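For clarity, every value in this text was computed on a predicted model and none was experimentally measured. Each ligand, and each atom within it, is numbered from 1 in the order the structure gives.
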Amino acid sequence: DPTWPSNIDELEEIMFQVTSFRSRKFSATVSPCGSEVSGPGRQNAAEWLRTAFHDMATADTSSGTGGLDASIQYELNSGENAGPGLRTTLEFMVPFLSKRSSMSDLIALGVYTSVRSCGGPAVAIRAGRKDSMKKGKTGVPQPQDSVPTFQQRFERMGFTHEEAIQVTACGHTLGGVHRAEFADIVPRGSATNGLAALDSSTAVFDNRVVTEYLNGTTKNPLVVGPAVRINKQSDFKLFNSDSNRTMERLADKNEFRQACKTVLQKMIDTVPAGIELTSPIMPYKVKPVNLQLTLENGGSNLLLTGFIRVQTTSLPDDSIDSITIIYKNREGRSACSSRPCSITATTHRQSRGYDNIFAFFPIKARIPVSSGISSFVVTVNYAKGGPKLYDNNGKEYRLRDAVFLQKPQSCLQGSSGKLTVVAAVRNDRLSESTRATISYKAPQSDSPIPALRSVTIDLVKGNRVGQYTFFSGEYTIKGGLADESHVDVSNGDMSDSFKRVNEIGGTCAPFARSSSP
Ligand code: HEM
C-alpha cells in the first residue's frame with residue numbers, strides 16, 4: 001500500500017470506485033462501452049480514447065515539448081481536431097478536475113476507464129501531469145498524409161514505426177468516422193446515425209480491426225471505400241507499410257491485448273520535459289475515506305465519521321467479520337481515560353472497480369473531547385485467517401484534532417456561491433493563525449475547461465465551546481461552479497484539507513450548546 005495520505009488519493013478513488021457504493025461515477029458516460037450519451041452515432045468511450053491521442057499527438061519528444069498536457073482545450077478549433085467529441089470529453093471530465101486531479105491526468109485516466117469499459121486491457125495510470133495554460137503546436141496525423149509523413153510524425157511523438165501501427169490499430173478498434181466531419185470518405189447512406197464503423201464491433205475492444213483488415217472483410221472507411229480514390233485511406237497506408245508484418249502479429253488476440261496495453265501506456269506517459277510521473281496507481285488494501293471530525297454535544301464530543309475501505313477483490317463478500325480502529329489520544333498514548341480507544345464496525349457496503357472490489361465500513365463514533373485523537377491503526381478481522389493489522393506502513397494513520405472543518409455550521413448558498421467556512425480550533429492553538437484556502441473553478445472564455453484558482457482568507461475568532469473555539473469566514477465563489485470547490489482549513493502547520501464543498505449544507509446550522517445525553 002502507499003502511505004496514507006498520498007497525493008494520488010483523489011485519482012485513486014476516481015479510478016477504482018467505479019460502481020455501487022460511493023461510486024465516483026467517472027465512467028458514467030462511457031459505460032457500457034456503446035453508451036451514446038451525446039447522441040446517436042456518438043460513442044463516448046471512443047471519443048475519450050481519441051481525445052487522449054489528439055492531446056498527445058503534437059508531442060515533440062526531442063525538444064521535450066507537448067504530450068499529454070491538456071493543451072487540446074485551447075486547440076479545439078484547429079482543423080485537425082474536428083468533431084464535437086473532443087470538447088464533450090473535456091466537459092464530462094470538468095467535475096473531476098481539482099488541484100489533486102489535473103485535466104491531463106484525467107484524460108490519461110480516461111484511457112484506462114474507456115478501454116476497460118470496452119473489455120480491453122488495464123492500462124497502468126501514473127499521476128503527476130500538469131495542465132498547459134496555452135495551445136501547443138499542431139501535428140496530429142491526417143488521413144491524407146503519406147507513409148513518410150506518418151513515420152515522421154509518430155517518431156516525433158516517440159513511437160517506432162511498429163508502435164505507430166500498433167497504437168493506431170488499438171485506437172481504431174472503437175468507434176468510427178463521422179459523416180458530419182468526413183463526408184468525403186463516408187458517403188451518404190453508408191453509415192448508421194452518421195457513423196461509419198472502423199470495425200464490425202465498434203463497442204468492443206478487440207482485434208477485429210486487425211483480422212477484418214487482414215482477411216479482406218473490413219468496411220473501415222480509412223481502408224476501403226471513397227477514401228482510396230482521394231488518398232485518405234490512412235489505416236491502409238499505415239497498416240500495409242511494413243508488408244503487414246505488425247498487423248499479422250496483432251491477429252493473435254493476446255498479442256493485440258498486450259501490445260495495446262504497452263503502447264497506450266506509452267501514449268499517455270508522453271509528457272513535457274520536467275514532469276515526473278508517479279509509479280502506477282494501485283488501490284490501497286486499506287484506506288480511510290472521507291474521515292471527518294465534528295464538534296458536537298455542546299463541545300463535549302468529537303464525532304468521527306467516514307469509512308474504512310478494505311479491498312476484497314478475490315475474497316467472497318462475507319470474508320470480513322468486522323474492522324476495528326484502535327486509536328491514540330491527543331497525547332499519543334494508547335489508554336483513553338473513560339473507555340477503550342477502539343471503534344468497531346461490523347456492517348459494510350460494497351463498491352466495485354473494473355478490476356477490484358471493496359468493502360466500505362462506515363465509521364460513526366464519539367470521542368470525548370477530553371481524550372481527543374492523534375492517530376490510529378486498523379485491524380481487519382477476516383472470517384478465515386483471523387485478524388490482520390494495517391498500520392499504514394508503520395506510520396499509523398494520522399488524524400489530528402487541532403483544527404477541522406466544522407461542517408454543520410459551514411454552508412454554501414448554491415445560487416450566489418457564498419461560502420461560509422467554520423473551523424473548530426483547539427484552545428491551546430489560538431496563538432497560531434487560522435485560515436481557509438478555497439480552491440475553486442473559474443470559467444475561461446477560450447477553453448471548455450475552467451481555470452483552477454485558489455484564495456486564502458483569514459478566519460475570524462468567534463465563540464468558545466469548551467476546549468475549542470470556532471473561527472469563521474466568508475467568500476463568494478463567482479462563476480457558477482461553487483459546488484465543485486474544495487476547502488482546506490489550517491491553523492499554523494496543522495490542517496484539515498481537501499474538503500468537498502458539495503458535502504456542506506445549504507444553511508449554516510446554529511451550534512447546539514446544551515449536551516444531549
Ligand atoms: C495515422 C494515424 C491516425 C489517423 C490518420 C487517424 C484518423 C482518424 C479519423 C479521420 C477518425 C474519424 C474521427 C471522427 O469522425 O470522429 C478517427 C477516429 C478515431 N481514432 Fe484515429 N487516427 C489515427 C490514429 C489514432 C490513434 C493512435 C488513436 C488512439 C490510440 C486513435 C483513436 C481513434 C478513435 C477511438 C476513433 C473513433 C472516434 C469516434 O468514434 O468518435 N486514432 N481517426
**OP:** From the options Glu163, His178, His172, select the one whose nearest heavy atom is closest to atom 23 (C) of ligand 1.
**Re:** His172

Subject >> Residue pair Ser416 / Thr476: nearest heavy atoms and the distance that separates them >> reply: O-CG2, 3.4 Å

**OP:** For the pair Asp184 (side chain) and Pro226 (backbone), establish whether a donor and an acceptor sit closer than 3.5 Å, ignoring hydrogens and angles.
**Re:** no

**OP:** May I ask you to identify the nearest protein heavy atom to atom 40 (O) of ligand 1, giving residue, atom name and distance to one decimal place in Å?
**Re:** Gly176 N, 2.9 Å

**OP:** Classify the contact between Pro143 and ligand 1 as side chain, backbone, both or neither, using a heavy-atom distance cut-off of under 4.0 Å.
**Re:** both

**OP:** May I ask you to identify, for Phe154, whether its side chain, its backbone, both or neither come under 4.0 Å of ligand 1 on a heavy-atom basis?
**Re:** side chain

**OP:** Considering heavy atoms of the protein only, find what lies nearest to atom 1 (C) of ligand 1 and give residue, atom and distance to 0.1 Å.
**Re:** Phe150 CE2, 3.4 Å

Original post:
For ligand 1, is Gly85 a contact, meaning one of its heavy atoms is under 4.0 Å away?
Top reply: no

Subject >> Donor-acceptor under 3.5 Å (Asp131 side chain, Ser102 main chain) >> reply: no

Original post:
Is the shortest distance from a Lys or Arg side-chain nitrogen in Asp105 or Arg129 to a carboxylate oxygen in the other one below 4.0 Å?
Top reply: yes

**OP:** Measure the shortest side-chain to side-chain distance between Phe159 and Gln166 over non-hydrogen atoms and say whether it is less than 4.5 angstrom.
**Re:** no

Original post:
Nearest to atom 11 (C) of ligand 1, what protein heavy atom do you find, and at what distance?
Top reply: Val177 CG2, 4.2 Å

Original post:
Arg87 and Asn77: which non-hydrogen atoms are nearest, and at how many Å?
Top reply: NH2-OD1, 4.3 Å

Subject >> Minimum-distance protein heavy atom relative to atom 2 (C) of ligand 1 >> reply: Pro141 CB, 3.6 Å

Subject >> Side-chain ion pair, Glu13 and Arg100, N-O less than 4.0 Å >> reply: no

Subject >> Contact with ligand 1 for Leu264, non-hydrogen, under 4.0 angstrom >> reply: yes

**OP:** Compare all side-chain heavy atoms of Phe360 with those of His348 and state whether any distance is below 4.5 angstrom.
**Re:** no

Original post:
For atom 26 (C) of ligand 1, which protein heavy atom lies nearest, and how many Å away is it?
Top reply: Phe53 CD2, 3.4 Å

Subject >> Nearest protein heavy atom with distance in Å, relative to atom 9 (C) of ligand 1 >> reply: Leu222 CD1, 4.0 Å

Original post:
Any idea which protein heavy atom is nearest atom 30 (C) of ligand 1, and the distance to it?
Top reply: Val167 O, 3.3 Å

